[in-house]
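To keep things clear, I will list the structure first and then write my remarks on it.
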Amino acid sequence: MKKFMNQPDTMLTESLQGFAAAHADLVTLHLEPNYLVRAKKAQNKVAVISGGGSGHEPLHSGLLGYGMLDAVCPGFVFTSPSPDQMLAAAEAVECGKGVLFIVKNYAGDVMNFEMAAEMLSCESATVLTSDDVAVENSTYTTGRRGVAGTVIVEKVVGSLAETGADLATCKALGDRVNRRTASMGVALTSCTVPAAGKPTFELGEQELEMGVGIHGEPGRRREAMRPADDIVADLVKAILHDLAPAAGSEILLLVNGFAATPLMELYLLYNSAARLLQSHGLIISRSLVGNYTTALDMAGASITVCLLDDEIKQHWDSPVHTAALRWGM
Amino acid sequence: MKTDFILAAIDAVNSAILSHEADIEGLDRDIGDGDHYINIKRGCAAAAAMRPELENLTPDAALQKIGMKVLSSIGGASGPLVASFFLEMAKAIKLKEPVSLADHAALFATGVAGIQHRGKAQVGEKTMMDVLIPVSALFTQLASTHAELDADLLNAIKAEAEKGMLATRDMLATKGRAAGLGERAIGHIDPGAKSCQVMIHAVCDMLLGQAH
């Protein structure tokens, strides 16, 4: 393993300190317990809080700021944050309208946020994101994983919360966006967890992992490497099977990199996915391409489709000012 | 249950986990995401480091502190699960101090029920519960026929933990990270079941050592 680091144990803290220093106008970092809040506390709104294991940057710290999140709790690498982080973050940003947790559906995240919600004294609700169609069968009681679609949920709900909407309304919109969003990922290489020092899994030069999760947990099938159009066809097929959109539907297309795939390849994937989706009669009216929900140093990408409606589109377009997403202001 | 026992058990578990790094990490790489061993190690080290502040506490206060500490230091799925074991036992001891062997078996069962309430897994789902539930059931059963924690009882518990851990090899995972793998997880022992077995063996071996 070759990584820029001093020691595995201090890697997260040093990275958080660097992030906070680079974006001091947007965020403030608190250590032990670790959480970040907006540099300027928002008033009179539902506090939108997210978090999860580190290693998915810019998720979630990069999405902290006006129009999105009020606080984030970064856990250790690929490890859910703990309830004390969530409680401290909630107490720092809550301003009388309750707390909305946005949680990716992974057992550890769900249980830790659940315990935090039980200990919290103010009103709270949770939006559980579960956009990954790779874990397709509902008989898996853990259900689908929450992956890159979480960015869309956070943007849309963050915008609604900024208008002063109440907790129940924010949760309802978050759940709706989640239901209308589907993702699927593919990996060309494994990632390496710094503290482990070895790749999480081995992929041959001519192999790919279809349906991979964002932790380098192996996907559902190992297949032979092949042209991008073929790979995209499989990803899009799984997504369309899940969403079953009517022809003429407007969609948001997100091509997300897992960190070690260049933008050149991500745009190639976008080109391929866009052509395919258009050939199914879909109208791509919003798009996003880049590294938004990464998996340390994994090469690979995921495709996410969100079925838009007027309300979702309005909140996607509204002003946002965070380290990773900024428009309209 | 005495605070001395809790502290000695924590030390035994901590060193056993450290000496099983390679096998637990290997299993997690097979079907997990590579963080299970690191998290368990971090939690054990944090609990072991608490000795000075726990020594003079009552058992329920010590268990409560350990529970909150592992909750904030382990993270991941293991944090709330392991913490629930300690927190539920802390509550139970506060209500009724265990005296007999049957009381201790009931206390262990309360801790296991706490984990089950949090994680909602059953036997057969390829998780730590495949070790904990059968071990707890056997402990309860043996406590009714044994007068004390003798070698016969402790060895039976060790065997049951081993059996439960090995049984996860052929299971299809429906809970936890391995669930996403579907049939590909078959043939791999669950890392959580393995670390539970290691911990149970560590405490039994400690008690066996004391008995001799």
Side-chain angles (χ1 to χ4, degrees), chain A residues 8-9 32-33 53 55 73 75-85 87 106-116 119 132 134-137 139-145 190-202 211-222 295-296, chain B residues 21-22 24-26 28-43 45-46 67-84 87 114-115 117-122 125-128 172-185 188 192:
Chain A
D9 284 353
E32 295 183 17
C73 311
F76 290 106
V77 172
F78 290 175
T79 298
S80 162
S82 51
D84 57 325
Q85 291 174 259
L87 287 173
Y106 277 99
D109 294 281
V110 172
M111 284 189 272
N112 280 287
F113 275 102
E114 202 174 83
M115 287 188 89
M119 297 173 188
D132 188 352
V135 187
E136 53 206 3
N137 201 326
T139 58
Y140 291 118
T141 44
T142 43
R144 294 169 13 169
R145 299 175 290 214
S190 172
C191 54
T192 300
V193 175
K198 290 168 279 214
T200 307
F201 59 99
E202 299 287 348
V212 74
I214 54 172
H215 302 91
E217 68 269 41
R220 300 199 39 105
R221 291 190 306 274
R222 186 155 296 191
L296 290 174
Chain B
E21 170 170 359
I24 297 173
E25 233 182 15
D28 195 30
R29 248 198 306 281
D30 289 341
I31 58 170
D33 62 9
D35 71 349
H36 177 68
Y37 175 74
I38 301 161
N39 292 338
I40 291 290
K41 181 172 83 167
R42 195 191 304 119
M68 291 310 289
K69 187 69 175 181
V70 298
L71 187 60
S72 63
S73 57
I74 298 184
S78 309
L81 296 171
V82 178
S84 297
L87 296 173
I115 299 178
H117 170 74
R118 184 59 60 194
K120 302 182 180 67
Q122 307 287 338
E125 295 186 300
K126 206 179 183 92
T127 71
M128 59 164 82
L172 186 69
T174 51
K175 280 276 188 327
R177 289 272 160 88
L181 280 175
E183 296 197 342
R184 286 203 305 187
H188 298 276

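Residue numbering restarts at 1 for every chain, and letters A, B, ... go by the order of the sequence lines.
Counting only heavy atoms from C-beta outward, the side chains of Leu71(B) and Asn112(A) approach each other to under 4.5 Å.
The contact between Ser84(B) and chain A is made entirely by side chain atoms (from C-beta outward), counting heavy-atom distances below 4.5 Å. Heavy atoms closer than 4.5 Å to chain B are found in the backbone of Pro199(A), but not in its side chain.
Across all non-hydrogen atoms, the minimal contact from Ala195(A) to Ile38(B) is CB-CD1, 3.5 Å. Between Ser72(B) and Ser82(A), the shortest heavy-atom contact is O-OG, 3.4 Å.
Of the residues considered (Pro81(A), Gly75(A), Pro83(A)), Pro83(A) shows the highest number of contacts with chain B, using heavy-atom pairs under 4.5 Å.
The structure places CE of Met115(A) at 4.5 Å from CZ of Arg118(B), a figure rounded to the nearest 0.5 Å.
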